[in-house]
Engineer: 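Mind looking over this structure? Questions follow.
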Number of protein chains: 4
Amino acid sequence: MFVFRIDSGSGVPPYLQLVQQVRQAVLLGFLKHGDRLPLIREVAETVAINPNTVAKAYRQLEQEGLVTGRPGTGTFVNETPAATISPATYTSLQRGLETWLGRARAAGLDEQAINALFTAAVNQAKNENIA
Amino acid sequence: MFVFRIDSGSGVPPYLQLVQQVRQAVLLGFLKHGDRLPLIREVAETVAINPNTVAKAYRQLEQEGLVTGRPGTGTFVNETPAATISPATYTSLQRGLETWLGRARAAGLDEQAINALFTAAVNQAKNENIA
Amino acid sequence: MFVFRIDSGSGVPPYLQLVQQVRQAVLLGFLKHGDRLPLIREVAETVAINPNTVAKAYRQLEQEGLVTGRPGTGTFVNETPAATISPATYTSLQRGLETWLGRARAAGLDEQAINALFTAAVNQAKNENIA
Amino acid sequence: MFVFRIDSGSGVPPYLQLVQQVRQAVLLGFLKHGDRLPLIREVAETVAINPNTVAKAYRQLEQEGLVTGRPGTGTFVNETPAATISPATYTSLQRGLETWLGRARAAGLDEQAINALFTAAVNQAKNENIA
DNA sequence: GTGGTCTAGACCACG
DNA sequence: GTGGTCTAGACCACA
């Protein structure tokens, strides 16, 4: 089953967090064609936000063509455009990240610092590309 | 010089992005005690947002005690609480991340997919802690 | 100035009527690049619906790429993809329709009957294409 | 035989589309006193909607007095109030519309644009009446 | 004062 | 009982 997670301190609107999580899950293969998203009312209950907010997120996903809402039945994932990477390289990358995270945590970095390092690294690469 | 970067598609309010970037820069040692932040007008111009928005970000940083605005002179970084990790482990972690990013990009992942992997890994660790 | 019109008896959700009217206005050249749509609160007042409903319509138009909402300023029409027909043929067709409508009304048909004739004619053509 | 047609992108609820189509057909003389509407199951199958939805449409038509359901036999059209226009002027108007539609299509207008022109013309007339 | 988001609660169309 | 829409009213980010 798919589980949502809201970070209320990030400044990102909750409905957008839901949208991004579904997008990522589809991208990474956690959600596939035909899978049913959790019911709107379920999500609203588990993450403690208003059902309308969840509905707004689902509506946007539908407009993006990622899912289809069927009244009386639920909301279902549409055919994904294409599998981007092979499962092997995917799990390899995943393992690499996990060991790195382990080292970072062992060194005493909290989540905030880890995120800072990550975004700094990503942006540095971007700047090099520009230059 | 310190450079700001606004991601208008992330959903995070621009003023918060500025705040977070300064916080991260201080945390990672890019900004140290006595460094001057860019002028409000400069920032407003380079990232194309309203000066009021930049001023709001600086105001919040001042309220957090991270910086001090000196009218007519600029905004300066206060004494940082303490660097928690040694520079050696820090650069080691940084290098590790960069090589990982290189592998990910070589495998054909775009920024979106990389972010997805990263947040998934971080959240997975969280879930394990909870369980 | 652009004026909205809500037909509350048609069964079409009000927000969709607004969306369709803007789409048509852009398509017919009544709204051009840079034009400002009426303020959300204005529309809500003139057509007597909730501001949120108008906002929902504008949001959808923004997602379709037709307009751009600028907080503090208003909502503006984006560059139109392309002018589809020459103004000459356009006005010619317009005149033709008007004379036809005049004949229909002179014959005693009310709006309901006129709409019935129109949709019947359009659908008939469709069926012929299918067959 | 009478054929229904559902436009799922119009925003009009399917059951209402059925109701409107029967109303129009009666108004234009396509359906006359004693004609039998298609069976609910047939309609549900051909237009791919739930039988309950069709039943709801038929129920509403019965409440309007347009048709009468005879259990085990079918649903039949009641006596129509009166044909308001002569068949001659009717077919004349119909021909006029068809030639106009032909010109519009020849000019390169798609269905969306044609509808836009039509509703614009109708509404313009309305505004003139108000003014 | 502008658009954007969230909440609360109601009603409807559909299965 | 499902998703979809509307209303009412509040708060926030932005110009």
Side-chain angles (χ1 to χ4, degrees), chain A residues 6 8 11-19 36-44 47-63 67-76, chain B residues 6 8 11-19 44 48-57 60, chain C residues 6 8 11-19 36-44 47-63 67-76, chain D residues 6 8 11-19 44 48-57 60:
Chain A
I6 293 294
S8 54
V12 185
Y15 90 95
L16 247 189
Q17 295 189 34
L18 300 183
V19 170
R36 198 180 79 168
L37 293 185
L39 301 179
I40 289 184
R41 291 156 170 97
E42 277 176 23
V43 178
V47 306
I49 60 178
N50 192 286
N52 286 336
T53 305
V54 185
K56 182 178 181 180
Y58 281 20
R59 222 179 306 137
Q60 173 154 347
L61 287 165
E62 193 164 8
Q63 285 170 346
V67 305
T68 302
R70 284 198 270 276
T73 322
T75 304
F76 298 84
Chain B
I6 294 293
S8 54
V12 185
Y15 91 95
L16 244 189
Q17 293 190 34
L18 300 182
V19 169
I49 60 179
N50 193 289
N52 289 335
T53 305
V54 185
K56 181 176 182 180
Q60 174 155 344
Chain C
I6 294 293
S8 53
V12 186
Y15 90 95
L16 246 190
Q17 295 189 34
L18 299 183
V19 170
R36 198 179 79 169
L37 293 185
L39 300 178
I40 289 184
R41 291 156 170 96
E42 276 176 23
V43 178
V47 305
I49 60 178
N50 191 286
N52 285 336
T53 305
V54 185
K56 182 179 182 180
Y58 280 21
R59 221 179 306 136
Q60 173 154 347
L61 287 165
E62 193 165 8
Q63 285 171 346
V67 305
T68 302
R70 282 198 272 276
T73 321
T75 304
F76 298 85
Chain D
I6 294 293
S8 55
V12 185
Y15 92 96
L16 243 191
Q17 294 190 34
L18 300 183
V19 170
I49 60 178
N50 194 290
N52 290 334
T53 305
V54 185
K56 181 176 182 180
Q60 175 153 345

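Throughout, protein chains are lettered first and strands after them, A, B, ... in sequence-line order, and every chain is numbered starting at 1.
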Engineer: Reckon C/L39 touches a base, only the sugar-phosphate, or nothing at all at heavy-atom distances under 4.0 Å?
Structural biologist: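 Sugar-phosphate contact only.
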
Engineer: Going by side-chain contact (heavy atoms from CB on, under 4.5 Å), name the residues that satisfy it together with D/S8, two or more places apart in sequence or in a different chain.
Structural biologist: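 D/S8 satisfies side-chain contact (heavy atoms from CB on, under 4.5 Å) with no residue once adjacent residues are dropped.
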
Engineer: Sequence neighbours left out, what passes side-chain contact (heavy atoms from CB on, under 4.5 Å) with C/R41? Give chain and number order.
Structural biologist: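 In terms of side-chain contact (heavy atoms from CB on, under 4.5 Å), with neighbours along the sequence ignored, C/R41 is linked to no residue.
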
Engineer: Could you walk me through whether A/R59 and C/K56 pass the side-chain contact (heavy atoms from CB on, under 4.5 Å) check?
Structural biologist: CA-CA 12 Å; A/R59 222 179 306 137; C/K56 182 179 182 180; 3.6 Å; yes

Engineer: With a 4.0 Å cut-off on heavy atoms, is A/E42 in touch with a base, just the backbone sugar-phosphate, or nothing at all?
Structural biologist: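 Nothing, no heavy atom under 4.0 Å.
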
Engineer: As a check on the pairing definition, encode DNA chain F in dot-bracket form, counting Watson-Crick and G-U wobble pairs whose two distances are under 3.5 Å, and using | for partners outside this strand.
Structural biologist: ||||||||||||||.

Engineer: Let me spell it out: for each of B/N52 and C/V12, pick the nucleotide of DNA chain F with the closest heavy atom. Which residue's pick is nearer the 5' end?
Structural biologist: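 Whichever sits nearer the 5' end wins; that is C/V12.
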
Engineer: Check every nucleotide of DNA chain F for an atom under 4.0 Å from a heavy-atom of chain C, then give the first and the last such nucleotide from 5' to 3'.
Structural biologist: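 Result: F/dT5 to F/dA15.
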
Engineer: Applying side-chain contact (heavy atoms from CB on, under 4.5 Å), name anything that partners D/P51, two or more places apart in sequence or on another chain.
Structural biologist: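 With neighbours one apart ignored, the set is D/I40, D/A44.
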
Engineer: If the condition is side-chain contact (heavy atoms from CB on, under 4.5 Å), which residues does C/N50 pass it with, not counting sequence neighbours?
Structural biologist: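 So C/N50 forms a side-chain contact (heavy atoms from CB on, under 4.5 Å) with C/N52, C/T53.
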
Engineer: Applying side-chain hydrogen bond (donor to acceptor under 3.5 Å, both in side chains), name anything that partners A/T68, two or more places apart in sequence or on another chain.
Structural biologist: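 Scan of A/T68 (side-chain hydrogen bond (donor to acceptor under 3.5 Å, both in side chains), adjacent residues dropped) gives A/N78.
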
Engineer: Base, sugar-phosphate, or nothing: which does C/Y58 touch, judged by heavy atoms less than 4.0 Å apart?
Structural biologist: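 Nothing, no heavy atom under 4.0 Å.
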
Engineer: Toward the 5' end of DNA chain E, which comes first, A/A48 or C/T75, by nearest nucleotide?
Structural biologist: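 So the residue in question is C/T75.
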
Engineer: Identify the residue among C/L18, C/V43, C/T75 that makes a side chain to side chain contact (heavy atoms under 4.5 Å, CB included) with C/L37.
Structural biologist: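 Checked C/L18, C/V43, C/T75 against C/L37; only one passes side chain to side chain contact (heavy atoms under 4.5 Å, CB included): C/T75.
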
Engineer: Could you tell me whether A/P51 contacts a base, only the sugar-phosphate backbone, or nothing, with contacts defined as non-hydrogen atoms closer than 4.0 Å?
Structural biologist: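 Since no nucleic acid heavy atom lies under 4.0 Å of A/P51, the category is nothing.
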
